[in-house]
Amino acid sequence: MNKITTLVLSVSAFVCLSGQQQMSLQDCELAFQKNNLQLLAAQYNISMADAEIMQAKIWELPQIEGYVNAINPQDKRVLDVGRAKGLEITQLIYLGGKKKNEIQFAKSNKELSQLQFNQLLVELRSQLRETYYNLIYEQKKQISIDAQLKYMNELLMAYKVQTDKGNISLKDYVRLQSIVIQLNNDKIEINNNILALQQNMKVLTGNQEKVIPNLPKTEENEILISQPFGDLEVLQQKALQNNADYLYNLKLIDNSKLYAQWQKSLNTPDLNLGAEYDQASGTFNNEVNLKIGIPIPLWKVNKGNVEKAKYAIQQNEKNSEYQKLNLETQVESAYQTWKNHYDQYFELKPVDLENLETVYNGILKNFRSGNVSLIDFTDFMESYRQTVLQVYEMKKQIMISAEQLNLLVQTKIFY
């Protein structure tokens, strides 16, 4: 009998845990780097940039032309190949450093692709970490609400029985019922939040199983108490040195200068160099001639594109100035947001949280013993419900605001 019971319990536990996977933040990040489809797709942009460099290095193919006699009116012959034929080979020679400039521009495009990939990587990783932290505290809220709801449902059922017997007024029953309704509303909202977060986590990690966050208490406390290294000015300077999105805009200036240089070189005419063999139609029989051809530079054939490239440089310089100001402002805002959440939470002392749980357990015990009135009990339960949710929310916001600061600075700043 005991063996059968153990087997049933084991099967039940397996069923409950199927489709779920307990993962640390590091586990999720490894899965993200390996499986995230958006990240994997973006890597091909770098490969395509390599292909563009390869293409830029390729020269035009040499051209070969030939002719044979079609009609010989003198001897009245058709296709007199043996007495009249010729062959010509030409090669386009690039002048003005066109190929060099095109290759440099292609290499600059690859650097831009790499910076875009880096920015996407940090943005998606930041989304992953924020989703993970959200999941942790939404599930903590869920556990707390479920425990409160279990107790209140049992209490409400007992009051229902006594109300039906006329031993308790309907007013007292309704008072308890209002708390249960609010707890159920909280539960639905939290469950919906968890569902959305789980879906987002699946997309980010490429893992179809539900992720159960595993953040030990010691690690949680380390994250909560950690503070950024350096003051606001230091953080802003680090952001200007490391933020891939800002570096991309800086690189765009160099890129547009290389593009302008390439467009300018396209105004230089190219040289057609070749050799020609002619059997009989030239000055001499079986003559070999050197052929040189070059366009006459009466006007600049690429003048419009050169002007356009100059404007692109000026535009990118202005955009870079804006991005610098915007990044510094964002860092300032993110730092202040983190500090506000940090200061708010740490105004609470550990003993305050311990006292909250002590009073909660004491109220439950004393209410069952009849030492606490229903009004005092319901007032406390409502206050306790709100406080617990707010405490978890404060912890979550500290971690998320710190992650937002990490996203902007893009280097290790929390110690």
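None of these values were measured; they are calculated from a predicted model.
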Are Asn289 and Phe284 packed together at the side-chain level, in the sense that at least one heavy-atom pair is separated by less than 4.5 angstrom? no
Just by distance, no angles: are the side chains of Gln261 and Asn101 close enough, under 3.5 Å, to form a donor-acceptor pair? yes
From the options Lys57, Lys107, Lys110, select the one residue that forms a salt bridge (charged side-chain N to carboxylate O under 4.0 Å, His left out) with Asp50. Lys110
Lys349/Glu354 salt bridge by N-O under 4.0 Å criterion: no
Side chains of Asn340 and Gln336: is there a donor and an acceptor less than 3.5 Å apart? yes
is_close_aromatic(Tyr342, Phe346), centroid dist under 6.0 Å: yes
Check the pair Lys141, Glu138 against salt bridge (charged side-chain N to carboxylate O under 4.0 Å, His left out), reporting the backbone distance first and the verdict last. CA-CA 5 Å; Lys141 292 177 185 179; Glu138 289 300 312; 3.2 Å; yes
Answer with yes or no whether the side chains of Asn134 and Thr131 bring together a donor and an acceptor at under 3.5 Å. no
Which residue in the set Asn249, Leu250, Leu252 passes side-chain contact (heavy atoms from CB on, under 4.5 Å) when paired with Asn316? Leu252
Centroid-centroid distance, Tyr159 to Tyr173, less than 6.0 Å: no
Run through Lys150, Met381, Arg385, Glu382 and flag the one making a side-chain contact (heavy atoms from CB on, under 4.5 Å) with Leu183. Arg385
Would you indicate whether the side-chain heavy atoms of Leu240 and Glu328 approach each other to under 4.5 Å? yes
Going by distance alone, is a donor N or O of one side chain under 3.5 Å from an acceptor N or O of the other, for Gln119 and Gln410? yes
Kindly assign one of parallel, tilted or perpendicular to the pair Trp338 and Tyr335, based on the angle between their ring planes and the thresholds 30° and 60°. tilted
Answer yes or no: is there an ion pair linking Glu88 with Lys291, defined by an N-O contact shorter than 4.0 Å? yes
Side chains of Ser108 and Tyr259: do they bring a donor and an acceptor to under 3.5 Å? no
Any chance you could measure Lys99, atom NZ, to Asp270, atom CG, to the nearest 0.5 Å? 10.0 Å
Can we say Lys202 and Glu209 salt-bridge, meaning some charged N sits less than 4.0 Å from an Asp/Glu carboxylate O? no
Side-chain heavy atoms of Tyr94 within contact of Ser265, under 4.5 Å: no
Checking Gln263, Lys308, Glu307, Lys264 against Asn302 for side-chain hydrogen bond (donor to acceptor under 3.5 Å, both in side chains), the one that qualifies is Gln263
